[in-house]
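Worksheet: one structure, shown below.
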Amino acid sequence: MRFTLQTFEALDEAQIEQLRANGVRESRTLEYKRELPGGNADERKEFLQDVSALGNTDGGLILYGVETGKVGNRDTGIPVAIPGLEVPNLDAVLLDLQARFRTSTDPALTQQVRCRFIPLASGRHVLAIYVWQSALRPHRITFQGSNRFWRRNDAGNYEPATNELRAMFQEAREWTKEVEAFRSRRVALLQGARGLALSVPSALLHILPLGRLEERHALPAHEVLRKKIPTWDSHNGGRFNLDGYLIIDHTSGVIRHWSQVFRFGGWESFTRSYGREGFSGDTAPRSLFIADQYFETLATHATHAVQFLEREMNVSPPMAVCVTLVHVEGAEVPSRSDWRDNDRFDERTLTLPTLLLDDPKNTVKVVHELADLAYQAIGWEEAPATAKPDV
């Protein structure tokens, strides 16, 4: 059972009770605890071990305030009661937990963990801790000089052997290579496609789950996809295809933009709405890419795309965010204050660096960083404020 940020945020007493009623056993991604993590050294280490093991594996959920059954001295891992926790100061507990993540793990797990108290009808609470599969793994425990790494399987936590630990250090690099190879293939397909009129500066966005490009998710129904997939503008409807589901707009035989959802839980969208070909300048026709308007709109578009992947495809971070500007060689980037003296792109295809999205709340921040990189490619110090709105 894979938990996502969506299921974590929607979790309530009724759903926890359903876990108990259905006898959902602890697993690689789920653990139950009767009491809050204590303050003595051994209990703090055990808590950090539980959280870091999830981050170092597939992520998952820990529920404090749920009691599991026993057969003799053996814990069955099956929930039998939800007594909850008596917590006088909820905020103080959450602050203490965040401090533990920040000061006792390396790299710090603060961006990979989210905590919330779930109220019970009894007046008590269940503490839910959700951990993302971390793109910064492996995380080690540094508390009191522990310096140990942990992972998780269906039987619980374990210390990885040397070969497994060595592979963990290489994973993030391999994930990035996988993303870049995928992006390169898609750009090549785009450049060879008919009906795109790629003489006009255009932009391609990818949002891809790291390390999960071989997975296959069940696609929602046609009506759900058609209505909920975010698009750049109006469109001519959507359809299933071999890759997943595609919504596309083509006017007079020319493709203007599309949104593609991949079966592995990835996202691609293309637009040529911010390029101008043959704009009549003072002396000669000019090619333009209206970058500030593109990145201004991209902040909202990418936010909606990440939300769609979470809610409809059950995909959680870490994700890679990639922007590729196509056919922009010689294209000018106009300033709204002066359209007569503009800077130009030198590359035919500008492949902006892949950025990590480790928390959906940071989507706009990542787009702003991409905007800065695009403007630095033409010599600016950073993107103008018009390209970086607060969303």
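- Checked by atom type, the side-chain pair His125/Tyr64 shows no donor-acceptor distance below 3.5 Å.
- In this structure, Glu31 and Leu63 have side chains that are not in contact, with every pair of non-hydrogen atoms separated by 4.5 Å or more.
- For the residue pair Asn56/Arg151, the side-chain donor-acceptor check at 3.5 Å is not satisfied.
- Once rounded to the nearest 0.5 Å, the distance linking OG1 of Thr303 with CG of Asn362 reads 10.5 Å.
- Under the 6.0 Å cut-off for aromatic ring centres, Trp232 and Tyr294 qualify, their centroids lying closer than that.
- Relative to the six-membered ring of Tyr130, Arg114 misses at least one condition, a distance below 6.0 Å or an angle of at most 45° to the axis.
- A donor atom on one side chain and an acceptor atom on the other are found under 3.5 Å apart for Thr297 and Tyr274.
- For the residue pair His139/Ser134, the side-chain donor-acceptor check at 3.5 Å is satisfied.
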Check the pair Ser259, Trp267 against side chain to side chain contact (heavy atoms under 4.5 Å, CB included), reporting the backbone distance first and the verdict last.
CA-CA 8 Å; Ser259 294; Trp267 174 269; 3.7 Å; yes
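- Side-chain atoms of Thr324 and Arg183 form a donor-acceptor pair, as typed in the model, at a separation below 3.5 Å.
- Looking at Asp75 and Thr68, their side chains do bring a donor and an acceptor atom within 3.5 Å of each other.
- The shortest side-chain heavy-atom distance between Pro317 and Gln112 does not fall under the 4.5 Å cut-off.
- Residues Arg140 and Asp106 are paired through a salt bridge, judged by an N-O separation under 4.0 Å between the basic side chain and the carboxylate.
- For Glu17 and Arg20, the salt-bridge test passes: some basic side-chain N is under 4.0 Å from an acidic carboxylate O.
- Centroid-to-centroid, the aromatic rings of Phe47 and Phe101 come within less than 6.0 Å.
- Aromatic pair Phe295/His368: ring centres not closer than 6.0 Å.
- Within the structure, every pair that satisfies the ring pair (Phe, Tyr, Trp, His ring centres under 6.0 Å) test and touches residues 370-391, not counting sequence neighbours, is listed here: Tyr375-Trp380.
- Side-chain atoms of Pro83 and Arg34, non-hydrogen and from C-beta on, do get closer than 4.5 Å to each other.
- Cation-pi geometry between Arg212 and Phe264 is not met at under 6.0 angstrom from the ring centre and within 45 degrees of the axis.
- Glu268 and Trp258 share a donor-acceptor pair across their side chains, judged by distance under 3.5 Å alone.
- Contact check for Val367 versus Lys365: no side-chain heavy atoms found under the 4.5 Å cut-off.
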